[in-house]
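The structure under discussion appears below in the form of C-alpha cells.
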Amino acid sequence: MSAGGAEAKEAPKYTKKDFESDQDVRWCPGCGDYAILSAVQKTMPDLGIPKEDIVFISGIGCSSRFPYYMNTYGFHTIHGRAPAVATGLRLARPDLKVFIVTGDGDGLSIGGNHMLHVLRRNVNVTILLFNNRIYGLTKGQYSPTSELGKVTKSTPLGSADRPVNPLAFALGCGATFVARTVDRNIAHMEEMLRRAAHHKGAAFVEILQNCNVYNDLAWNVMYDKEQKLQYELRLEPGKPLLFGPQDDRRAVIMDGVRPKVVKAKDVAASALWVHDETNVNAAKLLADLFAPDFPVPIGVLAAVTGPVYEEIMLDQEQKAISERGPGDIAKLLTSGDTWRIS
Amino acid sequence: MSETAAPAKGKSLKELDRAVVRFAGDSGDGMQLTGEQFTTESAWAGNDIATLPNFPAEIRAPAGTLFGVSSFQLQFGSQRVYTPGDRLDCLVAMNPAALKVHLRDLKPGGLLVVNTAAFDKRNLDKAGYAANPLEESTLAERYRLHKVDMTALTYEAIKDLPLGAKEKDRTKNFFALGLVSWIYTRPLEPTLEWITKKFAKNASIAEANTRVLKAGHAYGETAEIFAEHYTIEPAEMAPGLYRAMTGNRALAWGILAAAQRSKIPVVYGAYPITPASDILHELALHKRFRVRTIQAEDEIAAVTAAIGAAFGGAIGVTGSSGPGIALKGEAIGLAVTAELPLVIFDIQRGGPSTGLPTKTEQADLMQALYGRNSESPVVVLAPATPGDCFYIAYEAVRVATKYMVPVMVLSDGFLANGSEPWLIPDPETLPPIEIGFRTESAGFFPYLRDPATLARPWVRPGTPGLEHRIGGIEKQDVTGNISYDPENHDHMVRTRAEKVRRVAQEIPPTTINGPATGDLLVVGWGGTYGAITAAVERAQTEGRTVASIHLRYMNPLPPDLGQILREYRRVLVPEINSGQLVRVLRAEYLVDAVGFNRMRGLPLASEEILEAINQLVGSPT
C-alpha cells in the first residue's frame, strides 16, 4: 500500500513530461498556477503510482482548470462540489489516488460545506487549495479570504466581511493533515506536495498563490525578499519556532496560553516552542499567526492519523460479505413474510 | 391460511366482495402498525389489497389534536383491488380528533367503531367538539355506531401483568385490531407470530399484546352489539409466491437486483428527506450486495457523490423528494453533459417549498423534464404501483448504463408508503444489464459514440492508456476537448437530446386497457394507475367505449402514443397536479386533451375520475 491506498502495482519510471497533457494551458501569463502545475507534475513520478490510477477532481474557478493539464484521469465538475464528487469516487474506487484542486472561493465559499465534511470524514484525498484572496475567473470580486475592507468591483467602498483562515478552518473541521506553502517557493511546495500525497486520510494544503491580474502581490510578505526574510517561519518537526535574519533571530514562545514573539537570544533553550506535527492544539495556535504581529508559518502544521471514512465503510461491507456471503436477490425477494397462491 | 369461516354463535356471517377500512387515532396510538398488521392478515386471507398510510409531518404532534391524527386505510377484496378505496365501509376512531377528521369519508350506514374512553372533556375540547358527539342521536342514526371502552377492556385483560399504566395503555390498538379482525374474519396467526418475534426479549409485553389482541377478537364474538360479521373470499390472483411490497422498498430492491446482475458496486448518495429516507435505510441494510450508502451533508453532495462514483465505474444513484431534486439540478446537468450514467429517485410530495412533506402529489413532472438550466434532457420513468417500483428502478439502471445518461424516476408519497400484494418475480427473467467498460486504447476518444445508442464509452479510471479529462464545459464531440465553437455546441445540444430520444427503442408497445378506438382515452402516469383503472373498468361495465393507458416512460414518450391518441374522440388526463402531462401531450401531439386535476395531497378517488369520464362522454343512458 503506497500513497493514497493505491494498489501496490509497479509504476513505470516516469518523468515530469509523462504528466503533461496535450492541452494548451489557458491561465493568464504570469499566474501563480503555472508554478503549481509544474511542481505537481514534477512530484508525480515520486509517488510511485501508475498514472492511470491517479485522478484529479476540481470544481469551478481558475484553479479548477487544473485537471485538463494533467495527463491522468480528471474530472472538472461544478462549483464547490469537488470534495463530494471525490468522496463518491473514493467509495466506489478505493484503489485510486484522488487529488482535489480548488480555490478560496470554490473551496471555502460555495463549497465550504463539502470541504468541512470531506475533512471531518477524513476521506483519503489530497486537497490543494490555491488561495489568491480574490475571484479571478469572474473578474475580480473579493473572496472569503480577502482582507476586511477589500475594495473590488463588488465592494467599491470596501468589503464588510471578515476573512476566513483556511488553516484554522481545516483544523477546526478535524483535518488530519494541514500544511501551507507558497507558489513562489518551488522546493518547499514540492516537499509539501509529496508529504500531503503520502498522508493517509484527508490532506489539506493551502498554497498561497498570486493572481497577478486581480490581486497582484497579495502575498508580498512571502515574495518580497526583505519581508520574507523577516516573516517566514519554516515549520520543521522537532525544531524550535525560530525566524528572522541571523543577526535578529526571533522566537515564537508560549506566554501562558498566548503565542508571543521574543528575541531568540533572550530565551532559554528549554523555553522554546518546539514544533510537533502530532500536536493538533499547537497547530491551531500556529494557524492564527500572521504578519505583521507574528511570522507567517509555512510547512506542515499538523499530521496525525485518524479513521478513514471509506475504509470503515468498506470494512463493514467486507465483514457483511465474509460473514453471510454475497447478496442474493432471489433469496432476498422470498425472505420474510410470503404466501403462495395456487 | 384462514380456517373456513363459520358464523360466530348468534351472529350472521355475510359475504362481501370488498371492504374499505380505516384505522384512525392519535399519532401515539399505533395506527400505522395496526393497519400494517391488518394488511398482513388480509394478505394471509388471500385477498387483493391496496393501502394508504396517512400521517402527520410532526414526529410527536401534541396528543389529541386534529393535526396529530394518524391513519391507515386499506381496501381488500375477492376481486382485483386497484386503490385503497374512496369511501369507507368501516372507520375505527380511537379519539375525538380522529372522528372529527375522518367521519366525512365514512359511507352512510357504515360501521363506526370508537374508543369511548378517549371521549373526555379534554380531548373533545381539543377536537373542537362543544358536546360529546357520541351522545347525540345523529351519529347512531347515520352510521352503525359501536361505542367500545377499549381502554378499560384492555386494562381488564392485562391487569395482572407487571406493566406500567403507560405500557398497558399502549396495547389498546391491538384491541381494535383484534375486534376488526373478528368483524372481517381475518386470521390472527400472522399478528401473533409478529408479536412473538418482535417482543422475544420482553415476555410481559408479548403476553400483554397477545392477550389484548385476543380480547378484542373475543369481544366481537361475544358482545351483544355486533349482530353480523363478514367474510371476503380469496381473490383470484395469478398463481405464485407473493409478498407485501411498498414502493420505497421496491425501488431499493430493484437497485440491489441491478447491482447483482451488472456485477458492479452501487453508490447511493442521499440526504434524509420525507418520503424518500426509507430507500436509504433499506439500502444501508444490504451491504452484501456491494451497495455503499452515503448519508451526505446535503442534497448536492448526495448527487455529486453518485456522479463521482459513476465516473469511477460504479452505479451512481441518488434519491430525494421535490425540494431536494431542485437542489440537485445543476449536478444533474453535469451528468447530462459529462454523459455519465446516473439514477435519480424523486419521491414526489406536495409543494412548493416544504409543502406537504408526508402527503402525495405528482407535480414534479415538469421539474423532471425541464427543471435544469439550458437544455439538459434526461430520461424520465414513472412506476405505476408499489411493486412496479422494483422493475422501474432496475430499468433505470439498465437504461442509464446503456445510454450513458441520467434517468429520473418519479415515484410519489402514495407509492412510497403504500403496499400491495406483489407476485415475486424470478430475477433471472429480468433483462440483462450488460456493461462493457472500454479497455482498448487504440482509436479511443472520450466522446466517440456508439452508432445505435449514441452512448460514449464508459472507462474506469485505472485503465492504462485511456487517461482522459471530462467536465462541465462544452466539449467537442468525439475528442471531448473543451470547445466554444458555435456549430459544435448546436451539434452537441441536438446530440444529447437525440440520445435521450433513442431510448424510445427500449419501450414496449403500449398496453391499452379497453377498446382500440372509442369515445374516450384516459391517459395516466405514476401512482394514479389504480384509481384510473378502477374508474375506467366501471365505465366499461356501464357500457361506454372508454379505454385507458398508463405511461411508464415519460421521456421519451412511447413511439406508438401519437397514433393511439388519435383513435379516440376525447382524451382525459387525470393528474395530482394542475395539468402537467396534459400540457406535454397537447404540445407534442396537438391533441385536444383535457385534464382532471386535484391537488389535495391525497390519491385521486376512482369515483371522481368516473364522474369526469361521464362528463366528457355522457352518463350511460
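Each chain gets a letter, A, B and so on, in the order the sequences are listed, and its residues count up from 1. Fair warning: this is a prediction, and the values are worked out from it, not measured in the lab.
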Problem - Pro234(B) portion near chain A, given a 4.5 angstrom heavy-atom threshold - result: neither
Practice task
Just give me the residue among Gly472(B), Gly462(B), Ala309(B) that pairs up with chain A most often, heavy atom to heavy atom, under 4.5 Å.
Solution key: Gly462(B)
Problem - Among Asp22(A), Asn113(A), Ile57(A), residue most engaged with chain B (heavy-atom pairs, under 4.5 Å) - result: Asn113(A)
Practice task
Kindly indicate whether the side chain of His114(A), heavy atoms from C-beta on, has any atom under 4.5 Å from the side chain of Ile300(B).
Solution key: yes
Problem - Heavy-atom proximity to chain A below 4.5 Å, by part of Glu297(B) - result: both
Problem - Contacting region of Thr40(B) [heavy-atom separation from chain A under 4.5 Å] - result: side chain
Exercise for the section: Let me see the working for Asp298(B) and His117(A) under side chain to side chain contact (heavy atoms under 4.5 Å, CB included), right down to the final yes or no. Expected result: CA-CA 10 Å; Asp298(B) 62 25; His117(A) 292 279; over 6 Å; no
Completion exercise
Bottom line for Trp194(B): the part with an atom under 4.5 Å from chain A's heavy atoms is neither
Practice task
Sort Ala238(B) into side chain, backbone, both or neither according to what part of it lies under 4.5 angstrom from a heavy atom of chain A.
Solution key: backbone
Problem - Heavy-atom pair count under 4.5 Å with chain A, highest-scoring of Ala314(B), Pro464(B), Pro461(B), Gly240(B) - result: Pro461(B)
Handout entry: For chain A, the option from Leu256(B), Val267(B), Ile473(B), Ile307(B) that forms the most heavy-atom pairs under 4.5 Å
Key = Ile473(B)
Handout entry: CD (Glu236(B)) with more than 12 external heavy atoms under 6.0 Å
Key = no
Exercise for the section: Using a cut-off of 6.0 Å, state whether more than 12 heavy atoms not belonging to Phe169(A) lie near its atom CZ. Expected result: yes
Exercise for the section: Before giving the answer on side chain to side chain contact (heavy atoms under 4.5 Å, CB included), spell out for Arg81(A) and Val303(B) the whole-Å C-alpha distance, their side-chain angles and the decisive distance to 0.1 Å. Expected result: CA-CA 10 Å; Arg81(A) 318 305 170 193; Val303(B) 63; over 6 Å; no
Exercise for the section: For atom CD of Glu474(B), decide whether the heavy atoms of other residues, nucleotides or ligands shown that lie under 6.0 angstrom number more than 12. Expected result: yes
Handout entry: Among Ile264(B), Ile315(B), Thr293(B), residue most engaged with chain A (heavy-atom pairs, under 4.5 Å)
Key = Thr293(B)
Handout entry: More than 12 heavy atoms of other groups within 6.0 Å of Asp24(A) CG
Key = no
Exercise for the section: Report, as yes or no, whether the 6.0 Å neighbourhood of atom CG on Asp18(A) holds more than 12 heavy atoms from other residues, nucleotides or ligands. Expected result: yes
Handout entry: Shortest non-hydrogen contact from Gln23(A) toward Asn481(B)
Key = NE2-OD1, 3.1 Å
Handout entry: Under 3.5 Å: donor-acceptor pair, side chain of Arg288(B), backbone of Gly325(A)
Key = yes
Exercise for the section: Against chain B, label Ala330(A) side chain, backbone, both or neither, depending on which of its atoms sit under 4.5 Å from a heavy atom there. Expected result: both
Practice task
Enter the distance from Ile329(A):CD1 to Gln260(B):CD here, rounded to the nearest 0.5 Å.
Solution key: 6.5 Å
Fill in the blank from the handout: Shortest non-hydrogen pair, Trp339(A) vs Pro421(B), comes out as CZ2-CB, 3.6 Å
Problem - Residues Lys287(B), Glu323(A): salt bridge by 4.0 Å N-O rule - result: no
Handout entry: Heavy-atom proximity to chain B below 4.5 Å, by part of Tyr309(A)
Key = side chain
Completion exercise
Honestly, the part of Arg460(B) sitting under 4.5 Å from a heavy atom of chain A is both
Exercise for the section: Quick one: which of Ala338(B), Ala296(B), Pro427(B), Ala331(B) has the most heavy-atom pairs under 4.5 Å with chain A, could you say? Expected result: Pro427(B)
Exercise for the section: State whether the side chain of Arg469(B) and the backbone N or O of Thr72(A) hold a donor-acceptor pair below 3.5 Å, judged by distance alone. Expected result: yes
Problem - Exam field: side chain Arg292(B) to backbone Gly88(A), donor-acceptor pair closer than 3.5 Å - result: no
Handout entry: Residue selection (most heavy-atom pairs with chain A, distance under 4.5 Å) from Glu193(B), Met237(B), Arg243(B), Arg290(B)
Key = Arg243(B)
Problem - Contacting region of His286(B) [heavy-atom separation from chain A under 4.5 Å] - result: side chain
Handout entry: Region of Leu334(B) that comes under 4.5 Å of a non-hydrogen atom in chain A
Key = side chain
Problem - Heavy-atom side-chain contact between Phe311(B) and Val85(A) under 4.5 Å - result: no
Exercise for the section: Under 4.5 Å heavy-atom distance to chain B, tell me which part of Lys319(A) shows up: side chain, backbone, both or neither. Expected result: neither
Completion exercise
When the 4.5 angstrom heavy-atom criterion is applied to Leu430(B) and chain A, the contacting part is neither
Exercise for the section: Check whether more than 12 heavy atoms from other residues, nucleotides or ligands sit under 6.0 Å from atom NZ of Lys16(A), and answer yes or no. Expected result: yes
Exercise for the section: May I have the step-by-step check of side chain to side chain contact (heavy atoms under 4.5 Å, CB included) for Phe75(A) and Leu340(B), ending in yes or no? Expected result: CA-CA 12 Å; Phe75(A) 195 3; Leu340(B) 285 169; 3.8 Å; yes
Problem - Where Asp328(A) and Phe289(B) come nearest, the two heavy atoms and their spacing - result: N-CZ, 3.3 Å
Practice task
Could you go through the side chain to side chain contact (heavy atoms under 4.5 Å, CB included) check for Tyr73(A) and Thr463(B) one step at a time?
Solution key: CA-CA 9 Å; Tyr73(A) 283 92; Thr463(B) 310; 3.5 Å; yes
Completion exercise
Checked Arg26(A), Glu310(A), Lys51(A), Gln318(A) vs chain B; the most non-hydrogen pairs under 4.5 Å come from Lys51(A)
Handout entry: Side chain, backbone, both or neither of Arg65(A) within contact of chain B (heavy atoms, under 4.5 Å)
Key = side chain
Exercise for the section: For the residue pair Thr77(A) and Thr304(B), establish whether any side-chain heavy-atom pair is separated by less than 4.5 Å. Expected result: no
Handout entry: Part of Leu466(B) within contact of chain A (heavy atom distance under 4.5 Å)
Key = both
Practice task
Please examine the side chains of Arg93(A) and Pro265(B), heavy atoms only from C-beta on, and report whether any two atoms are closer than 4.5 Å.
Solution key: no
Problem - Heavy-atom check, side chain of Ile54(A) versus side chain of Glu467(B), under 4.5 Å - result: no
Exercise for the section: Could you look at Ile424(B) and say if it's the side chain, the backbone, both or neither that has a heavy atom under 4.5 Å from chain A? Expected result: side chain
